[in-house]
Student: 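Before anything else, here's the structure in question.
Position 1 is the first residue of the sequence; numbering continues from there. Remember, it's a predicted structure, so these values are computed and weren't measured experimentally.
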Amino acid sequence: MFGIDSSELLIVAVAALIFIGPKDLPRVMMTVGRWVGRARGYARHFTAGIENIVREAELEEMEKKWRDENARIMAQFPSTASYPEPLAQPAPVEPPAMSDAAPPYMMPLPSERPVAAPTASGEPSLPLGPPKRELP
């Protein structure tokens, strides 16, 4: 972390135990912990401020590029110039008709499906095949 080896940290801990004493050592460590926490908070606040400044500078640079590009486009295509009318919409392309050679996985379009003639009750019947056998 700070170039402190574990053996050096052990020597500092033993020296603190000897000079401060076991009675006051928890209170001293708590105070040191608070100082370290405050220092970390200040460092975090400082780095966040620097990152915010960098982000704002990048945003200003992007806005400047956008303004320059917008000015270039507006100079190239002024609003007072006359432009040709857009072309008419092309006619819709109809899908090719299905032939007998179509693959079996292709379903016919709904408009091409056969419709059964109405029955005596006036309702059309569904074009179903023969009933399936039930398994015993």
Student: Which value, rounded to the nearest 0.5 Å, describes the distance between Arg67 atom CZ and Met74 atom CE?
Tutor: 15.5 Å
Student: Return the set of residues passing salt bridge (charged side-chain N to carboxylate O under 4.0 Å, His left out) with Glu61 (not counting sequence neighbours), or none when no residue passes.
Tutor: Lys65
Student: Treating Ile, Leu, Val, Met, Phe, Trp and Tyr as nodes and any side-chain heavy-atom pair under 4.5 angstrom as an edge, say whether Phe19 and Val32 lie in one connected cluster.
Tutor: no
Student: As a quick check of understanding, evaluate side chain to side chain contact (heavy atoms under 4.5 Å, CB included) for Arg34 and Met30, giving each step before the final call.
Tutor: CA-CA 6 Å; Arg34 284 188 188 131; Met30 196 165 47; 4.1 Å; yes
Student: Salt-bridged, Asp68 to Arg72, with N to O below 4.0 Å?
Tutor: no
Student: When rounded to the nearest 0.5 angstrom, what distance separates OH in Tyr42 from CZ in Arg38?
Tutor: 6.5 Å
Student: Hey, could you give me the CD1/OG1 distance between Ile50 and Thr47, rounded to the nearest 0.5 Å?
Tutor: 8.5 Å
Student: Between Leu25 and Ile20, what is the shortest heavy-atom contact and its length?
Tutor: N-CG2, 3.9 Å
Student: I would like to know whether Val54 and Glu51 meet side chain to side chain contact (heavy atoms under 4.5 Å, CB included); could you show each step before the answer?
Tutor: CA-CA 5 Å; Val54 169; Glu51 288 175 359; 5.7 Å; no
